[in-house]
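What follows is one structure encoded as structure tokens, with my remarks underneath.
Just so you know, ligand 1 is whichever comes first in the structure, and atom 1 is the first atom listed for that ligand.
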Amino acid sequence: MTTLPDFDEVIDRIGTHSVKWDCMEEIYGVSPQEGISMWVADMDFRPPQVVAEALQTMLSQGIFGYWGDNRAYHAAIQWWMANRHGWTVEPEWIFTTHGLVNGTALCLDAFTQPGDSVVLMTPVYHAFARVIRASGRKVVECPLKLVEGRYEMDVDAWDAQMDGSAKMMILCSPHNPGGRVWTKAELEATAAFAKRHNLVLVSDEIHHDLVMPGHKHIPMAVAAPDQPLVMMTATSKTFNIAGGHSGNVIIADPDLRAKFAGSMAAMGISANSFGLAMSTAAYSPEGAAWVDALVAYIDGNRKVFDETVNTIPGLKSMDLQSTYLAWVDFSGTGMAPEEFIARVEKGAKVAANHGATFGLGGESYLRFNLATPRARVVEAAERLKAAFADLQ
Ligand SMILES: Cc1ncc(COP(=O)(O)O)c(C=O)c1O
């Protein structure tokens, strides 16, 4: 029997080596005792019971050796992708990395050379640009355009930006931040853009299970079945098990696969036993029921957050189609980032990601993590209201 999760339970994470709570003071100057941590994409919820049981089984046996025999793990991935996403995956297409930032770094190694450029649609998940630059590659920022309060692609403008130096493109699908669930037409346009400019298309779909009611995620591999591409998926965001440092890079195309295999070998990557035990357990009917309950809860959280935040003059929270990451525009306050950030961190005592770190177009935003008990979300929204009370 599946035990229904109690997402309202407030679990104290301070002093548990949680980057979200134990590093917020160092990074944002907000004390974890008085503040509310709403930055890094890590949830304050326990994963489904089956995940804890998988670890308990390992603990009972008590030996923590190297991982081997991927049959159950691969079967679990195949089941999940077919059932939840209508996508058929073959076991030999699957590589297991130490998460998807690691997967991104391996793609850069496999498909580009130092000095090459990589296309990002900005604002976008900040670690992409960080690893691209750290590996001696360059970032080409192709800005998304804001149309009626949501991000849209601007492919004609991006075509004009291409000068032949870019060799790879990373799509974030669904998009972080802003939570867009890209339509089939948008995915096809992205695939055509990559083809036109000879870019290896890498589709990071880590948020694909966290889609709000009324929206449907389409895997790029389903939208563009004939195009060589690299798919990246993981259990980490879906089940809140990022500490297991495991992700999947799934490549059907034999040429891209051979190159990626070369980089995996050169970097000596092998699987994390804890991550794979948790992932195998999570991709199950019990895990699926838990995700359904989670998404309904997050949908409730985003509604209560938006209801209050959107009454604050000058603030606008984007209508999320996916993810638990509210993307709030402060430009209507007329304040410089230093001022609205100071009000949020010092006034409201809320730690949220700074928009500028997501690249062009993010400067006037803050990103708030809503995957926390509802009472905290309500409290954070009220604190924001108080911190901007003089604008009422
Ligand atoms: C789009 C995207 N990719 C990758 C990651 C991180 O992946 P990992 O923890 O597997 O390295 C995140 C985390 O928020 C993300 O939003």
Side-chain angles (χ1 to χ4, degrees), residues 17-20 23 27 37-45 47 77 94-109 118-132 134-135 139 144 151 168-182 190 201-211 217 219-220 230-250 267 269 271-272 274-276 278-279 282-283 298 320-327 351-355 357-359 362 365 367-372:
H17 301 283
S18 150
V19 70
K20 185 178 182 183
C23 298
I27 301 171
S37 191
M38 301 183 90
W39 65 291
V40 61
D42 171 317
M43 306 195 271
D44 294 320
F45 307 131
I77 294 174
I94 304 170
F95 295 93
T96 300
T97 62
H98 294 169
L100 293 191
V101 174
N102 180 228
T104 304
L106 285 156
C107 285
L108 290 166
D109 185 70
V118 179
V119 173
L120 298 179
M121 300 174 185
T122 55
V124 75
Y125 175 54
H126 40 72
F128 292 150
R130 196 179 68 220
V131 277
I132 292 168
S135 63
V139 177
L144 291 162
Y151 284 126
M168 184 174 125
M169 165 176 205
I170 308 176
L171 170 72
C172 191
S173 176
H175 197 77
N176 166 22
R180 266 308 307 280
V181 174
W182 303 115
T190 306
L201 178 55
V202 177
S203 189
D204 179 332
E205 308 201 359
I206 199 166
H207 296 281
H208 64 171
D209 294 310
L210 306 171
V211 172
H217 169 80
M220 183 52 106
V230 177
M231 297 284 290
M232 302 207 298
T233 67
T235 49
S236 50
K237 297 291 132 177
T238 309
F239 298 100
N240 201 30
I241 52 176
H245 268 290
S246 301
N248 299 307
V249 179
I250 304 178
M267 305 279 171
I269 307 288
N272 176 318
F274 301 95
L276 267 63
M278 290 195 283
S279 298
Y283 278 164
I298 290 168
L320 287 184
Q321 301 178 343
S322 172
T323 80
Y324 48 74
L325 305 164
W327 186 235
N353 287 85
H354 298 181
T357 59
F358 296 81
Y365 289 79
R367 195 191 72 173
F368 295 84
N369 180 340
L370 304 180
T372 199

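Within ligand 1, counting atoms from 1 as listed, the ones closer than 4.0 Å to a heavy atom of Ala41 are 14 (O). Taking every heavy atom of Cys172 and a limit of under 4.0 angstrom, the matching atoms of ligand 1 come to 1 (C). The ligand atoms of ligand 1 that sit less than 4.0 angstrom from a heavy atom of Gly99 are 10 (O), 11 (O).
When only interatomic distances are considered, the shortest N/O to N/O separation between Asp204 and ligand 1 falls below 3.5 Å. The distance criterion of under 3.5 Å between nitrogen or oxygen atoms is not met by Ser246 with respect to ligand 1.
Side chain of Gln321 to main chain of Gly178: no donor-acceptor pair is present (N/O by atom type, distance under 3.5 Å, no hydrogens or angles). When atom types are taken as modelled, the side chain of Asn248 and the backbone of Ile250 share no donor-acceptor pair closer than 3.5 angstrom. Using modelled atom types, one side-chain atom of Tyr324 and one backbone atom of Ala41 make a donor-acceptor pair closer than 3.5 Å. For Thr323 (side chain) and Leu325 (main-chain N/O), a donor-acceptor pair under 3.5 Å exists by modelled atom type. Judged by distance alone, the side chain of Asn369 and the main-chain N or O of Val40 form a donor-acceptor pair under 3.5 Å. Not one N or O on the side chain of Lys20 forms a donor-acceptor pair closer than 3.5 Å with the backbone of Trp39.
Of the protein's non-hydrogen atoms, Ile206 CD1, 3.4 Å is the one closest to atom 7 (O) of ligand 1. Nearest protein neighbour of atom 11 (O) of ligand 1, counting heavy atoms only, is Val101 N, 3.0 Å. Given atom 10 (O) of ligand 1, the protein heavy atom at minimum distance is Leu100 N, 2.7 Å. Looking only at heavy atoms of the protein, atom 14 (O) of ligand 1 is closest to Lys237 NZ, 2.9 Å. Protein heavy atom nearest atom 12 (C) of ligand 1, with residue, atom name and distance: Tyr125 CZ, 3.3 Å.
With a heavy-atom cut-off of 4.0 Å, Met232 does not touch ligand 1 at all.
A heavy-atom separation below 4.0 Å is not found between Ala242 and ligand 1. The closest approach between a heavy atom of His207 and any atom of ligand 1 is below 4.0 Å.
Ring centroid separation for the pair Phe368 and Trp327 does not come in under the 6.0 Å cut-off. A centroid separation of 6.0 Å or more is found between the aromatic rings of His245 and His98.
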Q: Starting from the C-alpha separation in whole Å, work towards a yes-or-no answer on side chain to side chain contact (heavy atoms under 4.5 Å, CB included) for His126 and Asn353.
A: CA-CA 10 Å; His126 40 72; Asn353 287 85; 3.8 Å; yes
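When distances from atom 3 (N) of ligand 1 to the protein are checked, a heavy atom turns up under 4.0 Å.
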